[in-house]
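Here is the structure we will look at, set down as structure tokens.
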Amino acid sequence: MIYLFIMLICPSSLHQDVSSMKAKLSRDLHLPFGCTASPWNRPWHFFFRPWHFASAQSASGEGTSGYETQDCGRQSPGFRELPGTARGRARVQSPGRGRSKAHGPPGRRSRNYISREALGAEGAAGAAGKGRRARAGRAARGWRLREMGTSRPAAEGLHPPSAGPPPRRKPQPVCGFPGAAGPGLGAERKLTRRLRPPVFPLSCAVQHYAWGKMGSRSEVAQLLASSDPGAAISEDKPYAELWMGSHPRGDAKILDDRISQKTLGQWIAENQDCLGSKVKDMFHGKLPFLFKVLSVETALSIQAHPNKELAEKLHLQAPQHYPDANHKPEMAVALTSFQGLCGFRPVEEILTFLTKVPEFQFLIGDKAATQLKQSMGGDSRSMASALQSCFSHLMKSEKKVVVEQLNLLVKRISQQVAAGNNMEDIYGELLLQLHQQYPGDIGCFAIYFLNLLTLKPGEAMFLEANVPHAYLKGDCVECMACSDNTVRAGLTPKFIDVPTLCEMLSYTPTKDRLFLPAQSQEDPYLYIYDPPVPDFTVMKMQVPGSVAEYKVLAVDSASILLVVQGRVTASTPTTQTPIPLQRGGVLFIGANERVSLKLAVPSDLLLFRACCLL
């Protein structure tokens, strides 16, 4: 009745305007006649304030949704339209912005407006744009920021009526939350996650140290050639180490064009959450380990690594030799037969060598040798003191005397070997080998103090702080804390710090230096080498070829995966395309990521993985 009354008393021009607008709004927005958003549902606006509707038309332009101004009056700049909300009418009021006089006093809000803090689960559901009307309203209006009733429409971003049809504007996000339609903050996070996948392949640095195996005989070179068919292996060049990590002198390169960062270190610096919450906090946003493959042809130095307390002291005293203040525990897991020295051997064995090798006895001296023999019946402290005295006498011997005694021993062993006698009871072959590599070096005598280990593939040794050790020959996977602090005393042309080494060492003799892994209860193919340090853990996965798909255990730590044997295709819930991996392939896995490996060929799979289990 009211509508008919308006039609009778209003001018025909206004009647035509109302009718044409009603038809257009009903067609574009699919609004029913009784919708509260329609102007004709509130006819008293026309009866008491007909000029308001006319001003709204002139402000918004013919054919635009100018009814919005008539419906609610002039809006404060603090109001923004929320696309996709129920009926397309909900708006957000910025904090601290009041309402205009047309809306009543500040603090009074129309039912068509909601605050940001009121956007809960119901608001998110409404913002999802479910229903035909919401979709139609969203399509008709798009995403745009409106400032209604302005006298400067062009300056305020409104299309002037004289300019013809309004240009199509690029959608702009106003508000984002889970379930919101359009590219809001929630969609932006999802898009960022897609553009920054937490699982990607790496190209790792190769170090050509002089002690490395030459050319294709090196496991490092073989892994490199297999993973990169374009890599040219030089047979006259040593391939000593493959570095898998973010160390500044060998930062791994990212093999994913979707990622803007070029190296792993850069990516971690900008995506620290990939480390895992505990790792991120404990290690200050840094990857706490360096994963390696070593191929040793010539023996490495007699050395040890300081604990954190000593590392800080040495770094302050001589930063040119000890470049950081961190400790450097290490673990080596054999890939081939791997030989190394590790820790002091039992005193009984040392006394046996003192008897069988007079040259060794001469350098230590009778007094120190007697003290060591007498400590056999005493406590562990007196034994450690006697052992320290003997080792210090050897390492601090004059260079001239060491060369003389070493030459005598080499001559004697060579003569016995030439005569067909077995000299393995005093490690004759090993001593000749070390003397050939480092003539006249005091480190050649260290084999009579330290345990000689020959690791089979899969066996490991852990080198904690203050434990003397040396790698002699073979190929291994190594994981270490991020540090370059090494105290050396022999078998090296590098800086030697004998006083510091003799003072810092742990003089606890032990026989068994093998570090045994634990088999996982969740995964029958997984073996875990978990040392008593927080910096790293090494995992070995031996998967038979009969297993078509292998799921990598998700851990709350960034990790690096190395394929030693086999061919797989890696996929995750976040990767769009599978990642092919073969022998030598390296994969970075972000914290808590689930990776599935599908075997490309039915052959056994051997993987090693470094991570940080806190």
Side-chain angles (χ1 to χ4, degrees), residues 299 301-304 341-419 421-453 467-470 472 488-491 496 498-499 501-503 505-511 513:
S301 61
I302 305 294
Q303 60 182 250
L341 301 172
C342 180
F344 285 101
R345 47 172 83 243
V347 173
E348 297 88 345
E349 296 182 9
I350 298 175
L351 292 174
T352 301
F353 287 123
L354 287 173
T355 303
K356 292 184 176 182
V357 185
E359 297 84 359
F360 179 47
Q361 163 83 28
F362 182 85
L363 292 174
I364 289 179
D366 294 337
K367 182 179 180 181
T370 302
Q371 181 184 359
L372 182 62
K373 186 176 181 179
Q374 293 175 349
S375 69
M376 286 291 294
D379 57 13
S380 59
R381 180 175 298 181
S382 61
M383 185 180 294
S385 178
L387 185 56
Q388 179 176 3
S389 177
C390 287
F391 187 77
S392 299
H393 274 81
L394 173 67
M395 302 308 293
K396 295 177 181 179
S397 300
E398 294 183 10
K399 178 67 174 179
K400 180 180 179 181
V401 177
V402 171
V403 172
E404 291 176 353
Q405 295 300 316
L406 185 56
N407 287 337
L408 290 173
L409 178 58
V410 168
K411 181 179 179 180
R412 182 164 65 87
I413 292 176
S414 299
Q415 291 174 350
Q416 293 293 330
V417 171
N421 296 323
N422 190 345
M423 302 298 292
E424 287 308 305
D425 59 334
I426 61 170
Y427 297 123
E429 183 179 351
L430 177 58
L431 188 128
L432 294 178
Q433 172 188 318
L434 294 177
H435 181 263
Q436 184 180 6
Q437 296 173 1
Y438 301 96
D441 196 293
I442 188 64
C444 295
F445 286 102
I447 62 175
Y448 300 127
F449 270 114
L450 306 181
N451 290 295
L452 177 63
L453 277 68
V467 171
H469 62 274
L472 301 180
R488 303 176 180 88
L491 301 181
I496 291 177
V498 173
L501 184 76
C502 293
E503 182 66 27
L505 290 182
S506 173
Y507 292 95
T508 303
T510 54
K511 177 64 177 177
R513 294 295 308 187

Using modelled atom types only, decide if a donor and an acceptor are shared between the side chain of [X] and the backbone of [Y] within a distance under 3.5 Å.
X	Y	value
Gln437	Ala299	yes
Asn451	Phe344	yes
Tyr507	Ala386	no
Thr355	Leu351	yes
Ser382	Asp379	yes
Tyr427	Leu452	no
Asp441	Leu491	yes
His435	Leu431	no
Lys396	Pro499	no

Trace of the side-chain contact (heavy atoms from CB on, under 4.5 Å) decision for Val347 with Lys373: CA-CA 8 Å; Val347 173; Lys373 186 176 181 179; over 6 Å; no

Shortest non-hydrogen contact from [X] to [Y]?
X	Y	value
Met383	Pro509	SD-CG, 4.0 Å
Ser389	Gln371	OG-OE1, 3.7 Å
Ile447	Arg345	O-NH2, 3.2 Å
Phe353	Asp425	CE2-O, 3.3 Å
Pro468	Leu450	CG-CD2, 3.7 Å
Leu501	Ala489	CD2-CB, 2.9 Å

Crowding at CD, Glu398 (>12 non-hydrogen neighbours, <6.0 Å):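 Count not over threshold, so no.
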
Residues, nucleotides or ligands: over 12 heavy atoms within 6.0 Å of Gln416 CD: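 Result for CD/Gln416: enclosed.
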
Does the side chain of [Y] come within less than 4.5 Å of [X]'s, by heavy atoms?
X	Y	result
His393	Lys367	no
Met376	Glu348	yes
Ile442	Met395	yes
Phe362	Val401	yes

Stepwise side-chain contact (heavy atoms from CB on, under 4.5 Å) check, Ile364 with Leu372: CA-CA 11 Å; Ile364 289 179; Leu372 182 62; over 6 Å; no

side-chain contact (heavy atoms from CB on, under 4.5 Å) evaluation trace for Arg513 with Val467: CA-CA 11 Å; Arg513 294 295 308 187; Val467 171; 3.7 Å; yes

Could you state the interatomic distance from [atom1] ([X]) to [atom2] ([Y]), rounded to the nearest 0.5 Å?
X	Y	atom1	atom2	answer
Tyr438	Cys444	OH	SG	9.5 Å
Phe445	Leu363	CZ	CG	5.0 Å
Lys356	Ile426	NZ	CD1	8.5 Å
Ser301	Ile496	OG	CD1	8.5 Å
Ile413	Asn421	CD1	CG	12.0 Å
Glu349	Lys511	CD	NZ	3.5 Å

Parallel, tilted or perpendicular, as decided by the 30° and 60° cut-offs, for the rings of Phe360 and Tyr448: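 Tilted.
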
Derivation of the side-chain contact (heavy atoms from CB on, under 4.5 Å) call for Gln433 and Glu429: CA-CA 6 Å; Gln433 172 188 318; Glu429 183 179 351; 5.5 Å; no

